[in-house]
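Read the numbers this way: they start at 1 and go in the same order the structure lists the ligands and their atoms. All values below were derived from every heavy atom in this structure, side-chain atoms included, with hydrogens, water molecules and symmetry-related copies excluded.
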Amino acid sequence: MDLTTLERLPLWIGGRAVPASTTRYGEVTNPATGEVIRHVPLGNATDVDAAVQAATAALPAWRAAPPLRRARILMRFRELMEAQKKDLARIVTEEHGKTLADAEGSITRGIEVVEFVTGIPQLLKGEFSENVGSDVDGWSLRQPVGVCAGITPFNFPAMVPMWMYPVALACGNSFILKPSERDPTLSLRMAELLAEAGVHAGVFNVVHGDKEAVDAILEHPGIGAVSFVGSTPIARYIYETGARHGKRVQALGGAKNHAVVMPDADFDFTTEALIGAAYGSAGERCMAVSVVVAVGAAGDAMCERLAARARRVKVSAGTQPDAEMGPVITGAARDRIMGYIDGGVAEGATLVVDGRKPRVPGYEGGFFVGPTLFDRVTPGMAIYRDEIFGPVLVIVRADSLSEAIALINANPYANGAALFTRSGHAAHRFQEDVDVGMLGINVPIPVPMAFHSFGGWKNSLFGDLHVHGIDGVRFYTRGKAITARWPDDGSAAPGFQMPVMG
Ligand code: NAD
């Protein structure tokens, strides 16, 4: 399938590309140029039902395949992804806008989840207790949930789906991916590579769309589990609606990640770390640092250094070899971010670096916002409260580590937080006292490796289990406990009381 020349993208159902039944289509743009590059079907309930039928039909054979066989198929998929990484990264950059190096890195982080689940026979091992009663044994095992669905955001078209489907498939489930309609093409390439690797037809399906397809997924009785990653209001909606329809749901939401800089930190090292964390991928990362909490003397030192470095960030199309930061995803996103910058000025914050008029020669039609830095921001301002999801970094001043921790803990988001310090004591306090799901100590974007689980707290995650790692295996499997005895003397007696150990 040559996806680059197709005007209208297909769906992927039952192991092949198929046209959608919907007549609604959306536009996919190249954010660096502003040009419409293809059209994406906005699937309806009929499209979702077709995917569920295919996924249901494929389930028995896939589930019956020994885990080691499924693992070997995924090992082949890993090889294919690795071999084609540069081509895949080009698709990410074309539709998302991030730099090629960043796109490639995100695919690598997705491949790491595949590497994790190639150990699925070990991860699916159950527990056994001999002699739980006289001549009675008890054991527990984990079985696939059935047909699972994933609904994913625009900012990581490879990595976020790969947090989900490799684990689901390895556990013996079939899967329906509803990728972001902003950058949908990579999901079809991954479907092709999964098929080439030997994943049975119907085990992995792609239905493009927007709210209509999402609602059809949430309401479909044939789907047992839904994983979602996106903004907080939609995450809450997915969690509540999915639960109301009897599904297990994990719904990861938005973020406002704080980095606390102590006066004893290495300011130059911290500046380099924070610049990448704030402005990399144009700030469109759920683990981007968007707030620097500068303690005491760190305030002036960090403001000066961050401003100097932010002014030097090379903004260009993600395909340009020297680009450090690309465009944001849409014209609407650019206008929203510009509105926040205007609002920050109006609310009295100090605008230290103004990204409202970026000059990107050759890409005048692109959706660019330059790196922006505010100082002396207070918690009541919208630029502090809201997730801007753009290249806007704000500095809040604090007098002590206690004040910084209290600020973080008062925030409704709780995805990631970082501390920059030379003090082990401060680091230990931070680890113990901060109510956030993922912490970095002198690490600005603490995204856990695939063999740990990824997830925030509070408004950054609705549900109990995080993605990938052991939590992912638990999410995509159901526990079953078995108690057994094999009497051979015919001495069965009626048991009217609650069975107890005897
Ligand atoms: P989004 O919430 O707008 O969209 C996410 C998905 O939900 C898409 O597939 C979209 O089609 C669907 N959707 C959108 N509106 C819907 C509606 N009204 N009803 C049903 N479905 C709907 O998010 P986005 O703009 O694509 O991505 C950016 C957001 O994702 C940010 O808030 C970011 O923090 C968050 N994010 C979080 C994580 C995390 O791990 N917590 C990771 C990546 C991104």
Original post:
Is it the case that S227 and Y476 place a side-chain donor and acceptor less than 3.5 Å from each other?
Top reply: yes
**OP:** Find the distance between CZ (F154) and CZ (F389) and round it off to the nearest 0.5 Å.
**Re:** 5.0 Å
Original post:
What protein heavy atom is closest to atom 40 (O) of ligand 1, reported as residue, atom name and distance in Å?
Top reply: F454 CE2, 3.0 Å
**OP:** Please report the closest heavy-atom contact between L88 and L186, naming both atoms and the distance.
**Re:** O-CD1, 3.4 Å
Original post:
According to the interplanar angle, ranging from 0 to 90°, do the rings of W163 and F454 count as parallel (below 30°), tilted (30 to 60°) or perpendicular (above 60°)?
Top reply: tilted
Original post:
What atoms of ligand 1 come within less than 4.0 Å of a heavy atom belonging to I151?
Top reply: 6 (C), 7 (O), 9 (O)
Original post:
Among side-chain atoms of E35 and T29, is any donor-acceptor pair under 3.5 angstrom?
Top reply: no
Original post:
For residues Y384 and N411, is any side-chain donor paired with an opposing acceptor at under 3.5 Å?
Top reply: yes
Original post:
Against heavy atoms of V229, which atoms of ligand 1 measure under 4.0 Å?
Top reply: 5 (C), 36 (N), 37 (C), 38 (C), 39 (C), 40 (O), 42 (C), 43 (C), 44 (C)
Original post:
atom 18 (N) of ligand 1: which protein heavy atom is closest, and how many Å away?
Top reply: I234 CD1, 3.5 Å
Original post:
Starting from atom 7 (O) of ligand 1, which protein heavy atom do you reach first, and at what distance in Å?
Top reply: F228 CE1, 3.3 Å
Original post:
Should the proximity of E181 to ligand 1, defined as any heavy atom under 4.0 Å, be assigned to the side chain, the backbone, both, or neither?
Top reply: side chain
Original post:
Without hydrogens or angle criteria, can the side chains of T372 and D354 be said to hold a donor-acceptor pair below 3.5 Å?
Top reply: no
Original post:
Nearest non-hydrogen atom to atom 19 (N) of ligand 1 belongs to which of R285, K178, K211, H208?
Top reply: K211
**OP:** Using a 4.0 Å heavy-atom cut-off, say whether E387 meets ligand 1 through its side chain, its backbone, both or neither.
**Re:** side chain
Original post:
Which is it for Y413 and ligand 1 at heavy atoms under 4.0 Å: side chain, backbone, both or neither?
Top reply: neither
Original post:
Given G253, A251, S231, P153, which one has a non-hydrogen atom that is nearest to atom 37 (C) of ligand 1?
Top reply: G253
**OP:** Among all protein heavy atoms, pick the one closest to atom 28 (C) of ligand 1 and tell me residue, atom and distance.
**Re:** F389 CE2, 3.5 Å
**OP:** Using a 4.0 Å heavy-atom cut-off, say whether N155 meets ligand 1 through its side chain, its backbone, both or neither.
**Re:** side chain
Subject >> Identity and separation of the nearest protein heavy atom to atom 35 (C) of ligand 1 >> reply: G230 O, 3.1 Å
Original post:
Any idea which protein heavy atom is nearest atom 26 (O) of ligand 1, and the distance to it?
Top reply: F154 N, 3.1 Å
Original post:
Does K98 count as lying over the ring of F156, i.e. NZ or CZ under 6.0 Å from the six-ring centre, within 45 degrees of the axis?
Top reply: yes
**OP:** Report the distance from atom CG of N459 to atom CG of L252, rounding to the nearest 0.5 Å.
**Re:** 12.5 Å
**OP:** Examine T152 against ligand 1 and note whether any of their N/O atoms are separated by less than 3.5 Å.
**Re:** yes
**OP:** Return a yes/no value: protein heavy atom under 4.0 Å from atom 4 (O) of ligand 1?
**Re:** no
Original post:
Which distance, rounded to the nearest 0.5 Å, do you find between the OG of S187 and the CZ of F204?
Top reply: 6.5 Å
Original post:
Is a side-chain donor-acceptor pair under 3.5 Å present for H220 with D49?
Top reply: yes
Original post:
Given that the side chain starts at C-beta and the backbone is N, CA, C, O, which of these parts of N415 lies under 4.0 Å from ligand 1, counting heavy atoms, or is it both or neither?
Top reply: side chain
**OP:** List every atom of ligand 1 that sits less than 4.0 Å from any heavy atom of V214, numbering the atoms from 1 in the order shown and giving each element.
**Re:** 20 (C), 21 (N)
Subject >> Y239 side chain to K247 side chain, donor-acceptor N/O pair below 3.5 angstrom >> reply: no
Original post:
Side-chain donor-acceptor pair under 3.5 Å between Y363 and Q320, yes or no?
Top reply: yes
Subject >> Atoms in ligand 1 flagged as close to W163, the criterion being non-hydrogen separation under 4.0 Å >> reply: 40 (O)
Subject >> Mode of F156 contact toward ligand 1 - side chain, backbone, both, neither (heavy atoms, under 4.0 Å) >> reply: neither
Subject >> Selected option - heavy-atom contact closest to atom 38 (C) of ligand 1, from G437, C286, P179 >> reply: C286
